[in-house]
Asker: 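Structure provided below as structure tokens; questions to follow.
These numbers come from a predicted model, not from an experiment. Quick note on labels: first sequence line is chain A, next is B, and so on, each numbered from 1.
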Amino acid sequence: MSEETKDRPSHFIRDMIAADVAAGKNGGQVVTRFPPEPNGYLHIGHAKAICIDFGMAQEFGGRCHLRMDDTNPAKESMEYVENIQRDIRWLGFDWGDHFYYSADYFERMVECAVKLIRMDMAYVCELTQEQWKDYRGIPTQPGRESPFRNRPAEESVALFARMRAGVFPDGSLCLRAKIDMASPNLHLRDPVLYRILRMPHYLTGDAWVIYPTYDYAHPIEDAIEGVTHSLCTLEFEVHRPLYDWVVQTLGFDPVPRQTEFARLNLTYTVMSKRKLLELVQGGQVAGWDDPRMPTLCGMRRRGYPPAAVRAFCDAVGVTKYESLTDVALLEHCVRDELNRTATRRMAVFDPLKVVIDNLPADAPAAFGIPNNPEDPAAGTREVPFGRTILIEREDFMEEPPKDFFRLAPGRAVRLRGAGFLTCTEVVKDASGRVVELHGTWQPMTEKVKVKATIHWVPEAGARQVEVRLYDRLFRVEDLSATPEESDYRDFLNPDSLKTVTAFAEPSIAGAQPGAAFQFERIGYFCADEKDSKPGAPVFNRTVTLKDAYAKAQGRR
RNA sequence: UGCCGGAUGGUGUAAUGGUAGCACCGCAGACUCUGGAUCUGCUUGUCUAGGUUCGAAUCCUAGUCCGGCAACCA
């Protein structure tokens with residue numbers, strides 16, 4: 001076990017693999033796989049699976065294959081394949097040379113199918129889907145055997161060959177396993193192995209008109225690749241007997257072993273490729289990589305560091321309990337990482353002008369302020385100072401309550417990295433709105449006793465930047481507990497995006513796309529990787545900073 | 001009411017017959033050139049009922065509740 005993972009709490013899958021390795025199973029080898037279907041983008045739920053699949057292999061000195069589970073050409077495409085690869089690399093995992101497609105094995109799967117037929121373990125069935133529904137039976141009652149179940153093997157072999165040759169229309173015939181029509185497990189009631197489907201496959205084009213089903217293809221793929229531990233989510237639990245039937249009946253040795261764990265659910269979001277696709281197509285979000293999306297590309301654009309996502313996946317654990325994880329845990333992991341790594345800058349979102357009346361001629365024209373107080377190695381940057389500065393409007397109150405520590409008439413605060421400011425005069429317009437403050441400045445050497453430090457920006461040289469303030473996509477915590485007759489889209493948060501203009505210190509102009517910042521006292525932001533232009537970055541709010549004062553206000 | 005699986009504070013997760021712990025959230029305080037971070041402390045939990053045992057979250061029995069399964073989807 002590697003250093004990095006040694007002190008992590010264990011879970012049942014790690015324990016199982018450790019026991020297998022200790023027992024010398026598979027020669028002590030650990031081979032896992034992550035098998036996405038390329039019909040959508042990867043989301044945070046997949047991140048959990050990726051961390052488990054790749055993480056277990058890494059931890060036990062094995063390998064993890066990346067395999068496109070592309071046995072249904074209907075919704076699959078190369079665009080998805082490429083983005084899946086990019087997102088996994090971004091998350092920090094590498095499959096080396098072990099990249100595969102289910103389509104790689106199509107020919108081999110046909111050979112296996114013929115073998116099954118000749119073993120009298122499969123047959124070509126001519127029942128329509130309607131008829132089959134009737135033959136299959138229901139959970140509480142056994143099904144009936146197909147009239148085609150006992151046709152001679154060679155007849156099935158011939159029909160199967162003609163199926164492949166495109167002699168029959170879509171859906172008219174199929175190849176079924178011959179297992180047990182009375183099984184209490186529906187998946188064992190002569191499941192379909194191959195269906196006829198005239199649909200171009202993004203990889204094989206129109207080379208095939210028959211496609212294997214997941215239940216048949218997956219175990220064969222695992223077995224061919226030498227996968228030892230086939231880890232998947234709970235909904236495949238009832239498929240496991242079929243998985244085992246396939247690899248055992250075909251005589252693979254050794255056989256891969258399937259183990260299931262609970263998928264990840266997060267509060268305030270949906271985690272289904274179908275729904276995410278609908279949001280994209282319906283225009284409720286700007287695309288798969290909209291920063292509000294729980295997709296990996298959305299989180300990247302939002303500014304979530306991959307290390308934070310990995311830390312989160314470690315933190316949620318691995319069990320068979322279908323839980324709903326509080327998104328606050330994810331946000332905690334993001335803050336934790338960004339606090340250590342993000343470059344500090346100052347930006348004022350709702351400016352209030354302050355004129356310093358006593359600024360001496362020899363006052364510093366700029367201050368060197370640390371880029372990251374948590375990391376001295378990050379150095380400092382120069383922030384120009386001058387007679388007129390901008391402060392946050394909410395950092396001033398004309399009549400402050402007792403628990404407000406910031407600027408007020410006659411009161412002093414520290415200006416971040418730039419000495420002290422005392423408010424001497426409040427200027428209002430005709431409507432009584434405060435439009436300007438006057439004050440006096442004292443250098444930091446004077447050690448004025450203050451209870452707060454506020455951020456500021458020099459009026460001259462301040463850069464106006466576009467900032468997108470993102471909030472949760474949905475208004476309700478648990479979308480699965482929503483009324484039956486409602487649609488998840490009814491619960492979209494109308495305030496999930498607000499675009500504002502902020503005034504930032506001059507150095508912000510040099511922000512590189514994708515770079516992470518903390519705007520002090522406000523939150524973490526990243527320069528948008530798509531919309532930023534040289535010298536004119538656009539920012540996405542990653543997550544706010546905690547704000548104890550605002551929280552206390554909310555309680556009042 | 002068939003099969004498979006699951007239930008530990010508000011949330012997530014440990015403890016595998018021997019002091020129910022950790023993290024997040026929340027609350028309180030200390031500290032602080034970010035009302036951030038950090039540090040300290042606190043509240044809250046073994047689904048129910050029986051049983052085995054010196055001792056049960058853990059083992060047994062019977063219930064309850066929740067999730068999944070009846071695509072030629074994955």
Side-chain angles (χ1 to χ4, degrees), chain A residues 9-11 15 35-37 39 69-72 74-76 125 127-129 132-133 136-143 170-176 183-189 191-197 210-215 217-218 232-241 260 262 267 273 312 315-333 335-336 339-340 344 346 369-370 373-374 403-406 413-420 444 450-455 477 480 518-524 544-552 555:
Chain A
S10 200
H11 53 70
D15 293 345
E37 185 187 12
N39 65 349
D69 220 346
D70 49 13
T71 57
N72 182 1
K75 297 172 195 161
E76 299 162 355
C125 181
L127 250 24
T128 64
Q129 285 187 54
W132 175 252
K133 205 174 161 185
R136 183 186 45 213
I138 56 174
T140 50
Q141 281 167 27
D170 285 11
S172 57
L173 268 61
C174 67
L175 184 72
R176 320 197 90 96
S183 172
N185 183 336
L186 284 306
H187 297 282
L188 259 21
R189 316 242 269 224
V192 171
L193 269 23
Y194 270 95
R195 71 271 209 187
I196 303 174
L197 188 62
I210 56 170
Y211 289 97
T213 54
Y214 165 87
D215 282 321
H218 205 85
C232 62
T233 44
L234 247 29
E235 67 268 30
F236 295 106
E237 211 158 14
V238 279
H239 296 242
R240 195 187 333 131
E260 312 83 13
T267 53
K273 282 198 258 187
F312 170 74
V316 297
V318 181
T319 66
K320 299 186 79 134
Y321 176 68
E322 281 224 46
S323 56
L324 176 63
T325 299
D326 192 338
V327 73
L329 179 59
L330 211 208
E331 292 176 346
H332 162 79
C333 293
R335 288 192 187 98
D336 191 48
N339 177 49
R340 281 196 298 272
R344 268 58 169 183
M346 292 191 288
I369 301 178
E374 305 285 324
D403 63 346
F404 183 85
F405 305 147
R406 286 108 92 166
V413 292
R414 188 182 352 253
L415 292 175
R416 178 65 156 158
F420 301 92
M444 52 191 117
V450 293
K451 292 187 81 171
T453 297
I454 66 170
H455 60 280
E477 201 169 55
S480 74
Q518 182 196 105
F519 290 162
E520 292 209 51
R521 305 208 307 128
I522 306 279
Y524 295 100
T544 60
L545 236 35
K546 288 191 178 176
D547 186 344
Y549 180 74
K551 191 184 282 178
R555 278 202 304 272

Asker: Between atom CG of A:Leu197 and atom OG1 of A:Thr71, what is the distance when rounded to the nearest 0.5 Å?
Answerer: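 Atom-to-atom, A:Leu197:CG and A:Thr71:OG1 are 10.5 Å apart.
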Asker: Rounded to the nearest 0.5 Å, what separation is found between the OG1 atom of A:Thr213 and the CZ atom of A:Arg195?
Answerer: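 One finds 6.0 Å between OG1 of A:Thr213 and CZ of A:Arg195.
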Asker: How far does CD1 of A:Ile522 sit from OG1 of A:Thr544, to the nearest 0.5 angstrom?
Answerer: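 If we round to the nearest 0.5 Å, A:Ile522:CD1 and A:Thr544:OG1 are 10.0 Å apart.
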Asker: Roughly how far apart are A:Ile454 CD1 and A:Glu520 CD, rounded to 0.5 Å?
Answerer: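 Taking CD1 in A:Ile454 and CD in A:Glu520, the distance rounds to 12.5 Å.
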Asker: Measuring only the C1' atom in each nucleotide, how far is B:C22 from B:A14? A whole number of Å is fine.
Answerer: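 Nearest-Å result for B:C22 against B:A14 at atom C1': 7 Å.
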Asker: How does protein reach along nucleotides 68-74 of chain B, written 5' to 3' as B (base within reach of a heavy atom under 4.0 Å), S (only sugar-phosphate), or - (no contact)?
Answerer: BSBSBSB
Asker: Look at the side-chain N and O atoms of A:Lys551 and state whether any lies under 4.0 Å from the OP1 or OP2 oxygen of B:G26.
Answerer: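 For B:G26, OP1 or OP2 has a side-chain N or O of A:Lys551 closer than 4.0 Å.
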Asker: Please report the distance separating the C1' of B:G10 from the corresponding atom of B:C27, rounded so that it comes out in whole Å.
Answerer: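 Roughly 13 Å separates the two C1' atoms.
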Asker: Please report the distance separating the C1' of B:A70 from the corresponding atom of B:G55, rounded so that it comes out in whole Å.
Answerer: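 It comes out at 47 Å once rounded to the nearest Å.
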Asker: Can you measure A:Asp15 atom CG to B:A14 atom P for me and round it to whole angstrom units?
Answerer: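 In whole Å, B:A14 P lies 9 Å from A:Asp15 CG.
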Asker: Between B:A49 and B:C39, how far apart are the two C1' atoms, rounded to whole Å?
Answerer: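 Comparing C1' positions in B:A49 and B:C39 gives a spacing of 46 Å.
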Asker: Where the side chain of A:Thr319 is concerned, which of B:C4, B:C25, B:U13 is the nearest nucleotide?
Answerer: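 Looking only at heavy atoms from C-beta outward on A:Thr319, the closest nucleotide is B:U13.
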Asker: Would you please name every residue forming a side-chain contact (heavy atoms from CB on, under 4.5 Å) with A:Phe236, sequence neighbours left out?
Answerer: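 For A:Phe236, the residues satisfying side-chain contact (heavy atoms from CB on, under 4.5 Å) (neighbours in sequence not counted) are A:Tyr214, A:Cys232, A:Thr233, A:His239, A:Gln258.
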Asker: Rounded to whole Å, how long is the line connecting atom NE2 of A:His332 with atom C1' of B:C22?
Answerer: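 After rounding, the reported distance stands at 12 Å.
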Asker: Taking only Lys NZ, Arg NE, NH1 and NH2, and the carboxylate oxygens of Asp or Glu, determine whether A:Glu37 and A:Lys273 approach each other closer than 4.0 Å.
Answerer: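 Salt bridge between A:Glu37 and A:Lys273, a charged N being under 4.0 Å from a carboxylate O: no.
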Asker: In whole angstrom, give the distance that lies between atom CG of A:Leu330 and atom C1' of B:U11.
Answerer: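 Spelled out: CG on A:Leu330 to C1' on B:U11 is 14 Å.
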Asker: Before accepting this row, confirm whether a basic side-chain N of the pair A:Asp336/A:Arg340 lies closer than 4.0 Å to the acidic partner's carboxylate O.
Answerer: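 Yes, charged N to carboxylate O under 4.0 Å.
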Asker: Can you tell me, in whole Å, how much space there is between the C1' of B:G18 and that of B:C4?
Answerer: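 About 34 Å, rounded to a whole number of Å.
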Asker: Could you go through the side chain to side chain contact (heavy atoms under 4.5 Å, CB included) check for A:Asp403 and A:Tyr549 one step at a time?
Answerer: CA-CA 8 Å; A:Asp403 63 346; A:Tyr549 180 74; 4.0 Å; yes
Asker: When you compare B:G17 with B:C24, how far apart are their C1' atoms, in angstrom units rounded to a whole number?
Answerer: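 That atom pair is separated by 31 Å.
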Asker: If you write RNA chain B from 5' to 3' in dot-bracket form, with Watson-Crick or G-U pairs under 3.5 Å, [ ] for crossing pairs and | for pairs with another strand, what do you get?
Answerer: .((((((..((((....[..)))).(((((.......)))))....(((((..]....))))))))))).....
Asker: If I pick the C1' atom on B:C3 and the same atom on B:G45, what distance separates them, to the nearest angstrom?
Answerer: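 Per the computed distance, 32 Å lies between those C1' atoms.
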Asker: Take atom CD of A:Glu260 and atom C1' of B:G67, then tell me their distance rounded to the nearest Å.
Answerer: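 Result: 14 Å.
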Asker: Quick check on B:A71: syn or anti? Syn means the glycosidic torsion is within 90 degrees of zero.
Answerer: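 Classified syn.
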Asker: Hey, does A:Thr267 reach any base, or is it just sugar-phosphate, or nothing, if we go heavy atoms under 4.0 Å?
Answerer: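 Result for A:Thr267 = nothing.
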Asker: Using a cut-off of 4.0 Å between protein heavy atoms and nucleotide atoms, how would you tag nucleotides 31-36 of chain B 5' to 3' with B, S and -?
Answerer: --BBBB
Asker: Looking at residues at least two apart in the chain, or sitting in another chain, which of them share a ring-ring contact (aromatic ring centres under 6.0 Å, His included) with A:Phe405?
Answerer: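 ring-ring contact (aromatic ring centres under 6.0 Å, His included) check on A:Phe405 returns nothing, list empty.
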Asker: Which heavy-atom pair separates A:Cys174 from A:Val192 by the least distance, and what is that distance?
Answerer: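 The answer is SG-CG2, 3.9 Å.
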Asker: Looking at NE2 of A:His187 and CZ of A:Arg240, how far apart are the two atoms once the value is rounded to the nearest 0.5 Å?
Answerer: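 One finds 12.5 Å between NE2 of A:His187 and CZ of A:Arg240.
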Asker: Not counting sequence neighbours, which residues clear side-chain contact (heavy atoms from CB on, under 4.5 Å) with A:Lys546? List them please.
Answerer: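 Partners of A:Lys546 under the side-chain contact (heavy atoms from CB on, under 4.5 Å) test: A:Arg335.
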Asker: Base, sugar-phosphate alone, or nothing: which one does A:Leu324 contact when heavy atoms must sit under 4.0 Å apart?
Answerer: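 Sugar-phosphate, no base atom in range.
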Asker: Distance between the C1' atoms of B:A37 and B:A30, in whole angstroms?
Answerer: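 Rounded to whole Å, the distance is 14 Å.
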